[in-house]
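One structure is given below, encoded as structure tokens.
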Amino acid sequence: MGILSDDVVIIRQAEREGDPSVITINCPDKTGLGCDLCRILLFFGLNIVRGDVTTDGKWCYLVFWVIGKPNTRWNLLKMRLVEASPSFAWAFGISRTYLPDSDSLPPKLLDLFLLKLACTDRTGLLFDVTEVLYKLEINIEKVKISTTPDGKVMDLFFVTDTRELLGTGKRREEVYEYLRDAIGDSMMSYDIELVGPEITARSQASSLVTETLFSSDVSGEHPSGLHTSSSVSIAVDNSLSPAHTLIQITCQDHKGLLYDIMRTFKDFNIQISYGRFTIKRGRNCEIDLFIVQSDGRKILDSSKQNALISRLRAELQQPLRVVMMNRGPDTELLVTNPVELSGKGRPQVFHDIALALKKINTCIFSAEIGRHVTGDREWEVYKVLINEEDSLPVSRSKIEEQVWNTLMGWE
């Protein structure tokens, strides 16, 4: 017998707007569970203002205080959180994906589809399309967008469906209806077809892009001109607990902060036994985490400590990289973020880029999503060519700042 799904995840919605809702998760533990749960919360656009995590290595109890939105889909959120918990698999026997030894198994690959969309161009069009796909839980894996001289747009979205229904006529009709409502009469054609996974194979970025965005991975310093988050302090203490290493972090809050921390621990195969996260005045955060290695021991090796601290500092100072570059007579916006070792990218990045450009009335001429490997890390790279036909409505630095602030949740 498993655990009833209603007992695994309990959501108590806020009674007043602006107050936090409380999400409680009580289930068997597994390495990387915190990362998987925080990734779901990030996908749903929730801002975590406080968190408590407790586990004995076999069972965990997590509480998140989150600020939702008027359109937050709480029932769907609960369903996704339940599906991510190991107890869901044990209770219903749907998959071994969620069992504690699942890290040794290859992740399940979702079918890849090509969504082809032709429309008349207008400001905000790309955001409207990505907003629809987000609401329908359709994930953009790769994109190719181009604009013709006569103002027509051909969008090629390579997507996967979280609900695994895009192969059915009913689901495709649902997508069409949502897109038509969002785009209106400017939609000229629409089609979805199943394609092979080789379509999304990684492509190498140009040497100029590599030098601009990834030079910090060689030098250890951030490239000049790229935005960073300030005031990151990380301390390691092995004296307070006989069984755990204490990591104390103070930093500036940003969208996906806990996800970035949990993702780093998951990539390093670190287990959190107890953790507490709080936001103080302004955007100042304090995080205390009692951790152990995969063998259950403290981290006493100074080289392992330094490697973990260095990675954490990099992820908190610069969880994404945003820069404007000249591409001949045009301007190209470049955004990149690290990919989990499991192959999962950061949720909603393309959506937020499109939102930021819509806010400042900036048109997109073309866009691409690809992946790039540097050293032992893989990155998602978003390349957006800005339409400068009638000159930019705002300065290049303003575009860069707007995109950075939107991605960081500082709007």
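Throughout, residue positions are numbered sequentially from 1 according to the sequence presented.
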Which of Lys266, Arg311, Arg346 passes salt bridge (Lys or Arg N to Asp or Glu O under 4.0 Å) with Asp260? It is Arg346
Validation row, ring centre Phe113 to ring centre Phe157 under 6.0 Å: no
* **side-chain hydrogen bond (donor to acceptor under 3.5 Å, both in side chains) between Lys255 and Gln348, intermediate numbers included** => CA-CA 11 Å; Lys255 184 177 181 179; Gln348 300 305 305; over 6 Å; no
Parallel under 30°, tilted from 30 to 60°, perpendicular over 60°: which one fits the rings of His351 and Phe127? tilted
Is Glu137 salt-bridged to Arg163, cutoff N-O under 4.0 Å?
yes
### Message
Between the side chains of Asp36 and Arg39, is the shortest nitrogen-to-carboxylate-oxygen separation below 4.0 Å, so that they form an ion pair?
### Response
no
- prompt: How about Thr54 and Asp52: do any of their side-chain heavy atoms sit closer than 4.5 Å?
  reply: no
CD1 of Ile183 to OH of Tyr178, rounded to nearest 0.5 Å, is 14.5 Å
Separation between CG (Asn47) and NZ (Lys69), nearest 0.5 Å, reads 9.5 Å
_I'd like to know if the side chain of Trp59 and the backbone of Asn26 have a donor-acceptor N/O pair within less than 3.5 Å._
no
Looking at Asp128 and Arg122, is any side-chain nitrogen of the basic one under 4.0 Å from a carboxylate oxygen of the acidic one? yes
* Is there side-chain contact between Ile272 and Thr55, with heavy atoms separated by less than 4.5 Å? -> no
May I ask you to say whether Asp29 pairs ionically with Lys58, meaning some side-chain N is under 4.0 Å from a carboxylate O?
-> no
Query - Presence of salt bridge, Lys170 and Glu173, under 4.0 angstrom - result: no
The reported gap from CZ in Phe64 to CG in Leu81 (rounded to nearest 0.5 angstrom) is 8.5 Å
- What's the verdict on side-chain hydrogen bond (donor to acceptor under 3.5 Å, both in side chains) for Gln271 and Thr31, showing C-alpha distance, side-chain angles and the deciding distance? CA-CA 6 Å; Gln271 299 174 354; Thr31 301; 3.3 Å; yes
Item to complete: For the residue pair Ile261 and Glu315, establish whether any side-chain heavy-atom pair is separated by less than 4.5 Å.
Response: no
Separation between CD1 (Ile291) and CD1 (Ile299), nearest 0.5 Å, reads 3.5 Å
The residue among Leu355, Ile140, Leu133, Val335 that forms side-chain contact (heavy atoms from CB on, under 4.5 Å) with Phe350 is Ile140
CG of Asp111 to CG of Leu165, rounded to nearest 0.5 Å, is 11.0 Å
CD of Gln402 to CD1 of Ile360, rounded to nearest 0.5 Å, is 5.0 Å
